[in-house]
Participant: 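This structure is in structure tokens; I'll ask about it shortly.
Numbering of ligands and ligand atoms starts at 1, following listing order. This chain uses plain numbering: 1 for the first residue, then up along the sequence. Values in this document were obtained by computation on a predicted structure and should not be read as measured data.
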Amino acid sequence: MAYKSVKGTKDLLPQDTLAWQHVEQVIRTVMESYRYGEIRTPIFEETAVFARGIGEETDIVGKEMYTFVDKGGSSLTLRPEMTAPVIRSYIQHSMGEQSSLNKLYYIGPMFRQERPQAGRFRQFHQFGFECIGQQAPECDAEIIAIAASIYQRLGISYSLKLNSVGDPFCRPRYKEALQDFLRGVYDHLSPESQRRTDTNPMRVLDSKDERDQVATANAPVILDYLSDESRAHFDRTCALLDELGISYTLDPRLVRGLDYYTMTAFEFVSTDLGSQDALGGGGRYDGLVEQLGGKHTPAVGFAAGMERLLIVMEKNGYVFPSSAPSVYLVGMDDASRAWAFRSAIDLRTKGIATELDYAGRSLKAQMREANKLACTFVAIVGESEMAAGQAQVKDMRKGTQESVEFSRLADYFTKDTENAF
Ligand code: HAM
């Protein structure tokens, strides 16, 4: 029987990982310029971290988590997202006591048991960042600016949807008004939304079901119910985005699929993605630290799907930088093959990517292989080259050839910036 990777999961092969590494490098460069530090938390957590953090009524917690009981009887869950684990870690390591502002970023795999389709996987990867400790709208605008900057560097065009989901003072009033409205159109709602009318009415606005969309077309919107504080925070966030030249559309129906949000909520979408059009999303979550057992601490963050980003980059014909120059050493007899083996190790020690033949192939077959591997240089050595202490070096890009002394080879391959490794 031939085994296959589990449904909704994917192998990333060397030809794929080059693109991934490039994207990761761009993310790290941008994060460093904003002085974010990388955090790596375990792949699994106690289930309660997510159940309490994300909310029992969400699709993620209710339907999509990979939860299992380990042999010690603990309920554990493969992380479906990183905000709750980051906050768990923030509290555990008393980060708030060491600094009034903690800026953390991450890149890694997440797990959700959703129905796989284009752009939707069961193991997928996110990059994300969390700014913990301040409520200033500058932090919200900056989080959005970082995401925009990463997308821009990767040649991805997007639109940005923005909303405020209010705070604990204005939300109850809005929920009541929304529930009143939903009860009026109850018979026209999907069964899921009928249930949510009582448990989590704001999520009804987010439903993809056409019945719900028609029935709620005239539902009250949160922006009309914001408290003075939330209104001022939202207006200032919008003004800052305007100053930064980041365009957005207000979407009063944007509620996002996680319960921890307060005030700012936003999503980056791409028309290149089909039905799963969310490139990434985030918002403010001022109650989460307290919810997970810490002191009241405002925070705002964002996370994006890496697979979706790469899908769009490929569609847009993004040109990935070519890999570093490399060398293929060709030996033609026993002595020159032994030289090639020794020299390959020497060149690699000097940081030069080097290939050679291990199968005793002919000169012609080795040249074919060097071509197939797209090596930049081929150094050919036979009996006469061994005697002269020189290799015939072919520059495969220019089609030129010259003799180079063995002792000068490493310098030759790195001689100008064009050849730099
Ligand atoms: P989220 O909207 O659940 O937010 O996920 C963020 C992004 O992860 C989505 O926009 C999408 O690009 C990607 N994604 C989610 N599920 C899948 C999937 N099954 N397959 C492929 N990609 C997927 C969060 O996770 C929040 N933690 C974001 C955040 C950070 N809010 C504040 N800080």
Side-chain angles (χ1 to χ4, degrees), residues 6-10 23 36 39 41 45 49-50 53-55 58-66 78-88 90 102-132 139-140 142-144 146-147 150-151 154 156 158-161 163 165 203 206 254-270 272-289 291-292 297-313:
V6 173
K7 191 175 165 193
T9 70
K10 261 198 338 193
V23 170
Y36 275 66
I39 182 165
T41 63
E45 297 274 345
V49 169
F50 303 112
I54 302 171
T58 59
D59 281 350
I60 297 179
V61 173
K63 303 183 195 162
E64 297 166 1
M65 294 205 304
Y66 281 97
L78 301 187
R79 62 190 192 193
E81 61 103 52
M82 271 292 273
T83 310
V86 166
I87 295 304
R88 192 265 312 137
Y90 169 88
N102 281 275
K103 301 193 286 185
L104 303 165
Y105 83 95
Y106 47 84
I107 302 177
M110 311 291 151
F111 307 85
R112 295 183 192 179
Q113 193 166 3
E114 296 188 79
R115 197 168 48 77
Q117 61 182 83
R120 193 157 78 186
F121 308 94
R122 291 183 167 176
Q123 173 172 334
F124 60 100
H125 297 74
Q126 281 187 347
F127 74 89
F129 31 96
E130 314 291 346
C131 173
I132 310 163
C139 295
D140 304 55
E142 194 175 274
I143 287 280
I144 292 172
I146 299 172
I150 291 173
Y151 287 135
L154 296 173
I156 292 176
Y158 57 80
S159 33
L160 171 61
K161 296 198 247 174
N163 192 19
V165 293
R203 292 282 291 140
D206 205 26
L254 178 74
V255 293
R256 312 251 316 119
L258 307 98
D259 281 353
Y260 46 61
Y261 292 111
T262 52
M263 299 200 201
T264 315
F266 61 92
E267 214 154 71
F268 284 81
V269 294
S270 162
D272 289 323
L273 277 174
S275 71
Q276 296 303 311
D277 66 350
L279 274 169
R284 176 162 286 286
Y285 50 94
D286 289 349
L288 183 58
V289 179
Q291 182 79 12
L292 290 179
T297 311
V300 57
F302 166 83
M306 300 276 289
E307 285 80 1
R308 294 187 189 178
L309 198 137
L310 280 145
I311 290 171
V312 176
M313 287 171 75

Participant: Consider only side-chain N and O atoms of Glu130 and Tyr106, and report whether a donor and an acceptor are under 3.5 Å apart.
Facilitator: yes
Participant: Could you list the residues that satisfy side chain to side chain contact (heavy atoms under 4.5 Å, CB included) with Gln276, not counting sequence neighbours?
Facilitator: Gln117, Arg120, Arg308
Participant: Answer yes or no: is there an ion pair linking Arg112 with Asp59, defined by an N-O contact shorter than 4.0 Å?
Facilitator: no
Participant: Measure from every N or O atom of ligand 1 to the protein's N or O atoms and keep only the pairs below 3.5 Å, writing each with atom names and distance to 0.1 Å.
Facilitator:
unit_1, atom_1, unit_2, atom_2, d
ligand 1, 2 (O), Arg256, NH1, 2.9
ligand 1, 2 (O), Arg256, NH2, 3.0
ligand 1, 3 (O), Arg112, NH1, 3.0
ligand 1, 3 (O), Arg112, NH2, 3.0
ligand 1, 4 (O), Arg256, NH2, 2.9
ligand 1, 5 (O), Gln126, NE2, 3.2
ligand 1, 8 (O), Gln126, NE2, 3.1
ligand 1, 10 (O), Gly280, N, 3.4
ligand 1, 12 (O), Ala278, O, 3.0
ligand 1, 12 (O), Leu279, O, 3.0
ligand 1, 12 (O), Gly305, N, 3.1
ligand 1, 16 (N), Arg112, NH1, 3.4
ligand 1, 19 (N), Glu114, OE2, 2.8
ligand 1, 19 (N), Phe121, O, 2.8
ligand 1, 20 (N), Phe121, N, 3.0
ligand 1, 25 (O), Arg112, NH2, 3.2
ligand 1, 25 (O), Gln126, NE2, 3.1
ligand 1, 27 (N), Glu81, OE1, 2.6
ligand 1, 27 (N), Thr83, OG1, 2.9
ligand 1, 27 (N), Tyr260, OH, 3.0
ligand 1, 31 (N), Tyr261, OH, 2.6
ligand 1, 33 (N), Thr83, OG1, 3.2
ligand 1, 33 (N), Glu130, OE1, 2.8
ligand 1, 33 (N), Glu130, OE2, 3.1
ligand 1, 33 (N), Phe302, N, 3.2

Participant: Output all residues satisfying side-chain hydrogen bond (donor to acceptor under 3.5 Å, both in side chains) with Arg256, sequence neighbours left out; order by chain, then residue number.
Facilitator: Tyr261, Glu267
Participant: Start with the C-alpha distance between Thr83 and Leu258, add both sets of side-chain angles, then the distance that settles side-chain contact (heavy atoms from CB on, under 4.5 Å), and finish with yes or no.
Facilitator: CA-CA 10 Å; Thr83 310; Leu258 307 98; over 6 Å; no
Participant: Name all residues meeting the side chain to side chain contact (heavy atoms under 4.5 Å, CB included) criterion together with Thr9; count only those two or more places apart in sequence or in a different chain, and write none if there are none.
Facilitator: Ser5, Val6, Gln123
